[in-house]
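Inspection log for the structure reproduced underneath, given as structure tokens.
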Amino acid sequence: MPAEQETAQEALTFSDLGLSAKVLSAVVDAGYTQPTPIQAGAIPHAIAGKDVLGIAQTGTGKTASFVLPMLTRLERGRARARMPRTLILEPTRELAAQVEENFVKYGKNHRLNIALLIGGVSFDEQERKLERGADVLIATPGRLLDHFERGKLLLTGVDIFVIDEADRMLDMGFIPDIERICKLIPFTRQTLFFSATMPPEITKLTEQFLQAPVRVEVARPATTNTSITQRFVKCGSKPWAKRARLRELIDAEGDTLKNAIIFCNRKSEVATLFRSLVRHEYDAGALHGDMDQRARMAMLENFRKGKLKLLVASDVAARGLDIPDVSHVFNFDVPIHSEDYVHRIGRTGRAGRSGEAFTLVTKADRKYVDAIGKLIGQEPEWLDGDLSTLTHEDDAEEKPRGRTGRRGPKKEASDAGEDKGQGSDARKGRKEAIKAENTERKARHDDASAQGERRPRKQDHRREREEDNSIIGFGDDVPAFMKIGIKG
DNA sequence: AAAAAAC
């Protein structure tokens, strides 16, 4: 980007973009004065009613670049029953909820009906909101079509249509759904289309559904010159070895570790690692797509609020989640697709802060690490020697005796008295999560063995199997945050 | 080798 353009953007403030007074005041109250490049580029065109093709990663201020102009444009007119005025499609439930939060935050001076249509929660409240007339409809594709097929929804009144994270929608096989939804919305609508990358399938979609779009492209947040320190850590391939290595890393970071997201490649691994960490008395929660939606929301909320220190997650948390203050990211598994690595570590080092990223690497991961090195354009920095320095002991078949082994049920943590207020909430949250995990496992009992979640068999007893019984001790108490349900 | 998303 030429230097003069950069200075021009630097001088720009939100008041230069043509936003309404109500929106502007909410933006100021939120503490923002200068728009990011994607906001500066997209907002004036979006307000002018033009189609926008925004090529931007998450973390570039993309969400506000469509929320703010939409709010401005929504000030004229009213919603009719079952005929939402705008529609925003998001690939995951958490992202949809996050966009809703943005509309609440920046729309605080407006009186708008916002409806969030996502799976995993009851239809009733969603239907009521549609019935009342939604100014803003935020949805994941499946639940949106479900409502449509039930006749609860007409898309013929949609004036502004937003497709967010289009390339991720592609990855997730949503394109047929998107095409179908597009055809239900009047041709005269305004379309705002966002994607981090432009593979051919996405280009085709934009040619099909956008009219003379203004293309706004911002550089992807660089992976090499950010404030994220990236380290790779050699590790034995046995699951217990990886878990032990992870605990060592966490312990070694001490107080510099404020909170962390720990990524696993599989949901089953998320569940196992989560239970293991809790059993070792770490303040941990879990987040993956097979969990009960309430537990997902509660976990994320607690992590955001700092009530939970470690969040073990699948790639559902890799992209887009806006948690400004994550000090560490651990890759318990090396991501198979190197772009996912960039997304994962991008959860730390946000909002001008510094971040630490550690990736556990086993022998089998060599080629994925090579691919990551290529993508980030730098040689992986190893914490204590690369894979060639793995000792035979590191990859031993048996768990060393007496190190982490523990016989019998562990007694309930004796920290009840020393808890400082908020800790107790966090502990309840953890218990609820375990409960959610257990219900889920019960439900999937039949195929559980395929996922390695089977109860320990007699001959397995030497392996580190997580003994759930030792840590389940629920009362009837339900923490307040669990009762809140889905806000709308 | 996976994850995500509708019931």
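Naming: A, B, ... by sequence-line order, numbering from 1 per chain.
- Residue contacts shown for Gly120(A) are limited to sugar-phosphate atoms, with no base heavy atom under 4.0 Å away.
- A donor and an acceptor atom, one from each side chain of Thr229(A) and Arg231(A), are nowhere located under 3.5 Å apart.
- Among the nucleotides dA6(B), dA4(B), dA1(B), the one closest to the side chain of Thr140(A) is dA6(B).
- Across residues 177-184 of chain A, not one residue has a non-hydrogen atom less than 4.0 Å from an atom of DNA chain B.
- Summarising the geometry, the separation between CG on Asp290(A) and P on dA4(B) is reported as 6 Å, rounded to the nearest angstrom.
- For Phe66(A) and Phe194(A), the distance between ring centers is under 6.0 angstrom.
- Evaluation of the salt bridge (charged side-chain N to carboxylate O under 4.0 Å, His left out) test over residues 200-209 of chain A, restricted to residues two or more places apart or in two chains, returns none.
- The aromatic rings of Phe232(A) and Tyr341(A) lie parallel to each other, their planes meeting at an angle below 30°, with 60° marking the opposite boundary.
- Among the heavy atoms of the strands lying under 4.0 Å from Arg296(A) are primed sugar atoms or P, OP1, OP2 only; no base atom is included.
- Judged by atom type and distance alone, His337(A) reaches the base of dA2(B) through a side-chain donor-acceptor pair under 3.5 Å.
- With sequence neighbours excluded, the residues forming a side chain to side chain contact (heavy atoms under 4.5 Å, CB included) with Thr86(A) are Met70(A), Leu74(A), Val136(A), Ile160(A), listed by chain and number.
- When the nucleotides dA1(B), dA5(B), dA3(B) are ranked by their closest atom to the side chain of Ser314(A), dA3(B) comes out on top.
- For the pair His147(A) NE2 and dA6(B) P, the interatomic distance rounds to 10 Å; values are reported in whole Å.
- Partners of Asp251(A) according to the side chain to side chain contact (heavy atoms under 4.5 Å, CB included) rule, which considers only residues two or more places apart in sequence or in another chain, are Tyr282(A).
- One finds a side-chain N or O of Arg93(A) lying less than 4.0 angstrom from the OP1 or OP2 phosphate oxygen of dA6(B).
- A donor-acceptor contact closer than 3.5 angstrom is absent between the side chains of Ser338(A) and Lys374(A).
- Comparing dA5(B), dA1(B), dA6(B) by their closest approach to the side chain of Asp365(A) singles out dA1(B).
- Checked against salt bridge (charged side-chain N to carboxylate O under 4.0 Å, His left out), Asp171(A) has the following partners two or more places apart in sequence or in another chain: Arg319(A).
- Taking every heavy atom of residues 161-169 of chain A and every atom of DNA chain B, no pair lies under 4.0 Å.
- Here the options are Leu117(A), Leu137(A), Asn113(A), the test is side chain to side chain contact (heavy atoms under 4.5 Å, CB included), and the partner is Pro84(A); only Leu137(A) passes.
- If you take CG of Leu89(A) and C1' of dA6(B), they are 14 Å apart, rounded to a whole angstrom.
- At a threshold of 4.0 angstrom between heavy atoms, the contacts of Asp333(A) with the nucleic acid are absent.
- Between Ile175(A) atom CD1 and dA5(B) atom P there is a gap of 16 Å when expressed in whole angstrom units.
- When atom types are taken as modelled, the side chain of Asp283(A) and the backbone of Leu310(A) share no donor-acceptor pair closer than 3.5 angstrom.
- Regarding Phe174(A), its CZ atom lies at a distance of 11 Å from the C1' atom of dA3(B), rounded to whole Å.
- Atom-to-atom, CG of Leu117(A) to P of dA5(B) comes out at 15 Å; the value is rounded to the nearest Å.
- The listed nucleotides are dA6(B), dA4(B), dA2(B); the one nearest the side chain of Glu149(A) is dA6(B).
- Atom CG of Leu170(A) is separated from atom P of dA3(B) by 19 Å (rounded to the nearest Å).
- The distance from atom CD of Glu90(A) to atom C1' of dA4(B) is 13 Å, rounded to the nearest whole Å.
- Between dA5(B), dA1(B), dA6(B), one nucleotide has an atom nearer to the side chain of Asp146(A) than all others, and that is dA6(B).
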